[in-house]
Student: 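Input: one structure, supplied below.
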Amino acid sequence: MSVTEIEESFQLLDKKLLQFMDQLELLEEKRATLNSLIEQGWFSISKARYSMGNKQVSALQYASEIEPQVHVHTRKLSSDESVFCTERLSQNKESDVASVEDIGSEEGIRRRNKPKDFGEKEAQQKTSGEKASKVTPGKRSEQNPDQDPLRWFGILVPQSLKQAQMSFKQVIDLAAEIATLQTAVLNTRQQLKDDMKNKPILQKEASATQPDGVSD
Amino acid sequence: MAGRGKLIAVIGDEDTCTGFLLGGIGELNKNRKPNFLVVEKDTSVTEIEETFKSFLARNDIGIILINQFIAEMIRHAIDAHMQSIPAVLEIPSKEHPYDASKDSILRRAKGMFSAEDFR
């Protein structure tokens with residue numbers, strides 16, 4: 001191995017170390033944000049409990065049917081790293097479905113004053129009406145409008161509970177980012193550890209190629 | 001929904017679980033098994049450990065959030081988990097602030113600079 005190659009490999013090692021340090025710094029920053037957001041969330045829950053009553057906002061009020069509103073997608077990269085990203089079921093979807101249902105049911109209504117081709121069109125309308133009536137019950141059971149966890153604690157919940165929900169939603173998104181960073185940190189550490197094992201061999205080679213011994 | 005993602009599980013005190021459930025991570029599956037555990041004063045360490053291991057074994061869980069003081073109780077189980085999925089995240093609790101020196105991941109990363117690595 002030539003001197004330049006050895007120097008290059010040392011530079012690569014330094015780069016990886018710097019990358020490792022950057023990742024750790026970023027992780028620390030995100031951790032600090034996460035911790036402060038969680039604290040905000042708790043504070044808001046406590047405020048809500050203060051205004052709603054001591055025994056409110058407790059585990060006893062969780063719904064009997066709970067469906068997740070947020071999912072995390074994981075993707076494995078080639079270098080043993082994993083990427084986590086969250087996906088939230090949008091609340092707007094429910095209202096969209098409701099409006100589609102209304103239109104569908106209106107189409108199903110039979111019109112009185114029909115000009116020509118009455119038979120064919122009516123047959124089409126009947127089939128479309130049947131389709132709509134077949135589809136809607138299924139959608140209704142899938143998209144339960146009471147899925148918002150805020151509803152577990154009452155219909156008119158205080159603003160502070162909504163703030164708590166907002167904080168924890170942000171925490172969930174941040175948690176996925178931190179999970180990604182954690183795997184990246186561990187991966188870089190492993191790479192660095194493997195490279196460090198080869199460093200003494202390279203150093204020996206470097207000193208052998210430079211008999212005059214330019215130190216470091 | 002096509003390509004449904006994984007879940008986020010949580011093991012924590014009541015307020016932590018309530019907060020995350022408000023955020024929308026909660027699920028009760030067909031077998032009525034939740035993806036969360038509310039740890040109270042009378043919850044045993046064995047129960048916590050078993051729940052943690054059951055979360056690790058479930059392939060529909062992507063991230064496990066756990067209060068650091070609870071993680072301390074089952075540290076050996078957390079240290080033994082080396083896979084990247086599910087990722088284990090230690091979070092603070094109301095009475096116990098987050099301490100980076102106790103975090104399994106950061107301790108592993110810190111191990112990089114032990115004397116053995118420089119030999």
Side-chain angles (χ1 to χ4, degrees), chain A residues 20 24 27-28 31 34-35 38-39 41-42 45-46 57-59 61-74 76 80-82 84-89 147-150 152-153 161 164-165 167-172 175-176 178-180 182-183 185-187 189 192-193 196 200, chain B residues 1 3-10 12-29 32 34-36 38 40 60-65 67 82-94 97-98 100 103-106 108-113 116-119:
Chain A
F20 181 67
L24 275 180
L27 184 65
E28 203 174 315
R31 273 278 181 194
L34 181 105
N35 293 350
I38 291 181
E39 273 172 27
W42 286 327
I45 287 180
S46 299
V57 199
S58 75
Q61 288 173 291
Y62 296 167
S64 54
E65 300 281 329
I66 308 175
E67 279 181 28
Q69 305 293 300
V70 60
H71 288 102
V72 59
H73 290 277
T74 55
K76 276 214 163 191
D80 221 31
E81 269 182 52
S82 300
F84 298 83
C85 58
T86 52
E87 187 199 24
R88 190 166 288 280
L89 290 180
Q147 278 306 308
D148 189 355
L150 267 182
W152 305 344
F153 306 103
L161 202 60
Q165 189 182 36
S167 302
F168 277 100
K169 277 180 179 174
Q170 283 175 291
V171 168
I172 290 162
I178 290 176
T180 309
Q182 275 190 359
T183 58
V185 163
L186 289 180
N187 191 47
R189 171 191 169 269
L192 209 52
K193 211 173 176 181
M196 288 285 251
Chain B
M1 198 178 108
R4 209 178 105 143
K6 289 174 188 275
L7 299 168
I8 300 173
V10 61
D13 56 24
E14 192 180 26
D15 276 9
T16 307
C17 286
T18 305
F20 280 103
L21 260 60
L22 262 178
I25 65 159
E27 192 216 43
L28 269 175
N29 65 12
R32 310 285 304 158
N35 65 339
F36 56 90
V38 180
E40 282 156 359
D60 62 339
I61 289 178
I63 300 175
I64 302 173
L65 302 165
N67 278 149
M82 302 299 276
Q83 274 89 39
S84 57
I85 298 171
V88 180
L89 246 78
E90 291 177 31
I91 51 172
S93 55
K94 263 180 150 178
Y98 175 76
D103 194 306
S104 279
I105 302 288
L106 287 177
R108 257 182 244 171
K110 215 173 153 188
M112 177 71 230
F113 303 104
E116 279 178 24
D117 290 304
F118 286 98
R119 258 175 219 164

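Here is how names work: the chains are called A, B, and so on, in the same order as the sequence lines, proteins then strands, and each is numbered from 1.
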Student: So do the side chains of M82(B) and L186(A) get within less than 4.5 Å of each other, counting heavy atoms only?
Tutor: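 A side-chain contact is absent here, since even the closest heavy-atom pair is not under 4.5 Å.
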Student: Report the option among S93(B), P97(B), P86(B) that has the most heavy-atom pairs separated by less than 4.5 Å from atoms of chain A.
Tutor: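 Most heavy-atom pairs within the cutoff with chain A belong to S93(B).
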Student: I need the minimum non-hydrogen distance between I63(B) and F84(A), along with the two atoms involved.
Tutor: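 Taking I63(B) first and F84(A) second, the nearest heavy atoms are CG1-CD2, 3.8 Å.
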Student: Show the nearest heavy-atom pair for residues S64(A) and R32(B), with the distance to one decimal.
Tutor: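 Nearest pair, atom of S64(A) first, then R32(B): O-NH2, 2.8 Å.
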Student: Using heavy-atom distances under 4.5 Å, tell me whether S58(A) contacts chain B through its side chain, its backbone, both, or neither.
Tutor: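 For S58(A), the contact with chain B is made by backbone and side chain together.
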Student: Would you check if D60(B) and H71(A) make a side-chain contact, meaning some heavy-atom pair closer than 4.5 Å?
Tutor: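 Sidechains of H71(A) and D60(B): no contact.
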Student: Looking at I91(B) and L34(A), what are the two nearest heavy atoms and their distance?
Tutor: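 Between these two residues, the closest heavy atoms are CG2-CD2, 3.9 Å.
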Student: So for I61(B), is it side chain, backbone, both, or neither that comes closer than 4.5 Å to the heavy atoms of chain A?
Tutor: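 For I61(B), no heavy atom lies under 4.5 Å from chain A.
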Student: Using side-chain hydrogen bond (donor to acceptor under 3.5 Å, both in side chains) as the criterion, list what pairs up with N187(A), not counting sequence neighbours.
Tutor: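 Expected list: E81(A).
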Student: Rounded at 0.5 Å granularity, tell me how far CG in L22(B) sits from CG in D148(A).
Tutor: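 Rounded to the nearest 0.5 Å, the CG-CG separation comes out at 8.5 Å.
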Student: Search all heavy atoms of N35(A) against all heavy atoms of P92(B) and return the closest pair with its distance.
Tutor: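 N35(A) and P92(B) have their closest heavy atoms at OD1-CD, 3.3 Å.
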Student: What I'd like to find out is whether the side chain of V171(A) reaches to under 4.5 Å of the side chain of F20(B), using heavy atoms alone.
Tutor: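 Answer yes - side chains close enough.
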Student: Which region of L27(A), side chain (C-beta onward) or backbone (N, CA, C, O), has a non-hydrogen atom less than 4.5 Å from a non-hydrogen atom of chain B, or is it both or neither?
Tutor: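 When you check distances to chain B, only side chain atoms of L27(A) fall under 4.5 Å.
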Student: Between C85(A), A175(A), P68(A), S46(A), who has the most heavy-atom pairs with chain B when the cutoff is under 4.5 Å?
Tutor: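 Top count of heavy-atom pairs under 4.5 Å with chain B: P68(A).
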Student: Side chain to side chain donor-acceptor pair (under 3.5 Å) between S82(A) and S84(B): does it pass, once the steps are laid out?
Tutor: CA-CA 7 Å; S82(A) 300; S84(B) 57; 3.0 Å; yes
Student: Do you know which of G19(B), P34(B), C17(B) has the most heavy-atom pairs with chain A at a distance under 4.5 angstrom?
Tutor: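 Between G19(B), P34(B), C17(B), the count favours G19(B).
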Student: Where do V38(B) and A59(A) come nearest, in terms of heavy atoms and distance?
Tutor: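 Minimum heavy-atom contact is CG2-CB, 4.3 Å.
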Student: Under the side-chain contact (heavy atoms from CB on, under 4.5 Å) criterion, do L28(B) and Y62(A) qualify, and how do the steps go?
Tutor: CA-CA 11 Å; L28(B) 269 175; Y62(A) 296 167; over 6 Å; no
Student: Of all the heavy-atom pairs spanning K94(B) and W42(A), show the shortest one and how long it is.
Tutor: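 Minimum heavy-atom separation between K94(B) and W42(A): N-CH2, 3.5 Å.
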Student: Is it the case that more than 12 heavy atoms not belonging to Q61(A) sit under 6.0 Å from its CD atom?
Tutor: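 More than 12 within 6.0 Å, yes.
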Student: At a heavy-atom separation under 4.5 Å, does D103(B) approach chain A through its side chain, its backbone, both, or neither?
Tutor: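 D103(B) touches chain A through side-chain heavy atoms alone.
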Student: CD1/I45(A) to CG/D15(B) distance, rounded to the nearest 0.5 angstrom?
Tutor: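 Nearest 0.5 Å value for the CD1-CG distance: 5.0 Å.
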Student: Is the shortest side-chain heavy-atom distance between T18(B) and F153(A) below 4.5 Å?
Tutor: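 Yes, at least one pair of side-chain atoms sits under 4.5 Å.
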Student: Determine, stepwise, if the pair R108(B) / V185(A) fulfils side-chain contact (heavy atoms from CB on, under 4.5 Å).
Tutor: CA-CA 10 Å; R108(B) 257 182 244 171; V185(A) 163; over 6 Å; no
